[in-house]
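One structure is given here, and the rest of the page talks about it.
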2 protein chains.
Amino acid sequence: MTTRRSDATRAAILTAARERFAADGFERATIRAIAADARIDPSMVMRYYGNKEGLFAAAAEFDLRLPDFAGAEPTAVGEVLVRHFLERWEGDDTLLALLRAAVTQEGPAERMRAIFAGQLGPLAARLAPEADQAPLRAGLVASQMLGFALCRYVLRLPPMAGLERDEAVAWLGPTVQRYLTGPDSL
Amino acid sequence: MTTRRSDATRAAILTAARERFAADGFERATIRAIAADARIDPSMVMRYYGNKEGLFAAAAEFDLRLPDFAGAEPTAVGEVLVRHFLERWEGDDTLLALLRAAVTQEGPAERMRAIFAGQLGPLAARLAPEADQAPLRAGLVASQMLGFALCRYVLRLPPMAGLERDEAVAWLGPTVQRYLTGPDSL
DNA sequence: CGGTGTAGTCAACAGTTGTTGGCAAACGCC
DNA sequence: GGCGTTTGCCAACAACTGTTGACTACACCG
């Protein structure tokens, strides 16, 4: 990989884009505003990322960075996973940008599906009692974690937005644990 | 209440607005498109509802219509509530419109908070072991139900979108039940 | 029948948006 | 040092947006 002279500019654009997309959503985050934040001309954005969708695709690359959980005891995976998810969410606004965009744009929605199916799926596959239930269980986990993130970071529902992290882990952990390893509910 | 001659038009506008807001979100649902669906001129929308925000406010009025649960045995409230929520969601696209808009607009977000705090709160207050935990427990229930709706109806995450209603109730019911009546997790 | 208010249409404005092409400066290899 | 390539800025376009005001037609009431 050769380092181009414009790499700093490209990075500044991506940082500004992530912030704007996270704060305003896809449509209300304008290329002009992003360019202004990055202190460059809007046309540079087009040159480097083609169009607005390309910019978003580049800015919203994301990895949940799920740990292995090989060492952790299987009964504590729920709490560990919830805590990791919360930290991952708060340390990076890519997920917020992704969620805000995925609600109205098909591209970001597809990426969201890929992230939660592709990264949570293998974990569920290793923990689920029956192998063929892995996607279902991963989906249930996603529904609770995304729902909590929605209420806490997007809608700012007071009791959820003000919850201490430990409290959140204590409440959500058992739910996630049951979705992963609990008995089939039917 | 006198019935105006224009009531049919007003209703047509609201119906079209709900559909468009639900399908496209707040910004991408244009007044022109809504007016076209309702077969009237865009300026009528402005006359009757002031501006786009006013239109949304009128179109997104919503009542969860939570039943009393006075007769139901307290241990089954979780499943009954989840089933009611799913039916309410699928029979009316107001909630979908509200969710799609609330993610990027402050007004709709506030309405969302009001609905879940104001309508779910009293139920939680009646069922929660400790009275002061009612808002927290209502918030937790909202996080799981909204998260499921997000994955199922908005992101269309395959395992959630394809779930039978009974399966969904069986999986989510115990979670909601625990959030409402389970022991304090801390 | 005449007049008043309501319902609806039409055309246009003003602002914003993504996007484009041309042109100037800086860089880096020969 | 010259020259092609890269980096950047500027101005503009074309489309679309919410919104407005003027004008017509109809309905209803006296």
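Computation of the quantities below employed the complete heavy-atom set of this structure, encompassing side-chain atoms and omitting hydrogens, waters and symmetry-equivalent molecules. Chain letters run A, B, ... following the sequence lines, proteins first, then strands; residues in each count from 1.
Two residues are said to be in side-chain contact when any heavy atoms from C-beta on lie closer than 4.5 Å; A:Leu55 and A:Ile34 meet this criterion.
Partners of B:Ala38 by side-chain contact (heavy atoms from CB on, under 4.5 Å), not counting sequence neighbours, listed by chain and number: B:Ala12, B:Ile13, B:Ala16, B:Ile40. The side-chain contact (heavy atoms from CB on, under 4.5 Å) check on A:Thr30 picks up A:Arg32, A:Ala33, with sequence neighbours excluded. Applying the side-chain hydrogen bond (donor to acceptor under 3.5 Å, both in side chains) test to B:Glu27 and every residue at least two apart in sequence or in another chain returns B:Thr104. By the side-chain hydrogen bond (donor to acceptor under 3.5 Å, both in side chains) test, B:Thr9 pairs with no residue at all, sequence neighbours left out. Looking at residues two or more places apart in sequence or on another chain, you find a side-chain hydrogen bond (donor to acceptor under 3.5 Å, both in side chains) between A:Arg83 and A:Asp166.
Between the CZ atom of A:Arg4 and the C1' atom of D:dG8 there is a distance of 16 Å, rounded to whole Å. B:Arg10 places its CZ atom 11 Å from the C1' atom of C:dT6, with the value rounded to the nearest Å. Between A:Lys52 atom NZ and D:dC16 atom P the separation is 16 Å, expressed in whole Å. We find that CG of B:Asn51 is positioned 8 Å from P of D:dT20, with the value rounded to whole Å. One interatomic measurement links the two molecules: OH of B:Tyr49 to P of D:dT20, which rounds to 17 Å at whole-angstrom precision. The distance from atom CG of B:Asp7 to atom C1' of C:dT6 is 12 Å, rounded to the nearest whole Å. In this structure, the CE atom of A:Met44 is 13 Å from the P atom of D:dT6, given to the nearest Å. At whole-Å resolution of the value, CD in A:Glu53 and P in C:dT17 are 18 Å apart.
Heavy-atom distances under 4.0 Å link DNA chain C to A:Ala29, A:Thr30, A:Ile31, A:Arg32 of residues 22-40 of chain A, given in residue order. Listed by residue number, the members of residues 96-111 of chain B with any heavy atom below 4.0 angstrom from DNA chain D form an empty set.
Under the ring-ring contact (aromatic ring centres under 6.0 Å, His included) criterion, no residue pair touches residues 95-151 of chain B, with sequence neighbours excluded. Among residue pairs with one or both ends in residues 31-62 of chain B, those qualifying as ring-ring contact (aromatic ring centres under 6.0 Å, His included) are B:Phe21-B:Phe56, B:Phe26-B:Phe56; sequence neighbours excluded.
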Enumerate, atom names and distances included, each donor-acceptor pair closer than 3.5 Å involving a side-chain atom of residues 150-165 of chain B, sequence neighbours excluded.
from, atom 1, to, atom 2, distance (Å)
B:Arg152, NH1, B:Met160, O, 3.0
B:Arg152, NH1, B:Leu163, O, 3.0
B:Arg152, NH2, B:Leu163, O, 3.1
B:Tyr153, OH, B:Glu90, OE2, 2.6
B:Arg165, NH2, B:Glu90, OE1, 2.5

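Using modelled atom types, one finds no donor on one side chain facing an acceptor on the other under 3.5 Å when comparing B:Gln177 with B:Thr75.
Note on B:Asp93 versus B:Arg20: no salt bridge recorded, every NZ/NE/NH1/NH2 to OD/OE distance being 4.0 Å or above. Taking 4.0 Å as the cut-off between side-chain N and carboxylate O, A:Arg137 and A:Asp132 do not count as a salt-bridged pair. A:Glu106 has a carboxylate O that lies under 4.0 Å from a charged side-chain N of A:Arg113, or vice versa, which qualifies the two as a salt bridge.
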Note to self: Base contacts versus sugar-phosphate-only contacts with protein, heavy atoms under 4.0 Å: please encode nucleotides 22-30 of chain C as B, S and - from 5' to 3'.
What the structure shows: B----S---
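Backbone-only contact: B:Tyr48 has heavy atoms under 4.0 Å from sugar-phosphate atoms and none from a base.
Atom CD in B:Gln133 sits 4.5 Å away from atom CG in B:Asp184 (nearest 0.5 Å).
Taking the side chain of A:Ser6 as heavy atoms from C-beta on, and the options D:dT7, C:dT19, C:dC10, the nearest nucleotide is D:dT7.
The strand DNA chain D forms stems, runs of 3 or more Watson-Crick or G-U wobble pairs with distances below 3.5 Å, at C:1-30 with D:1-30.
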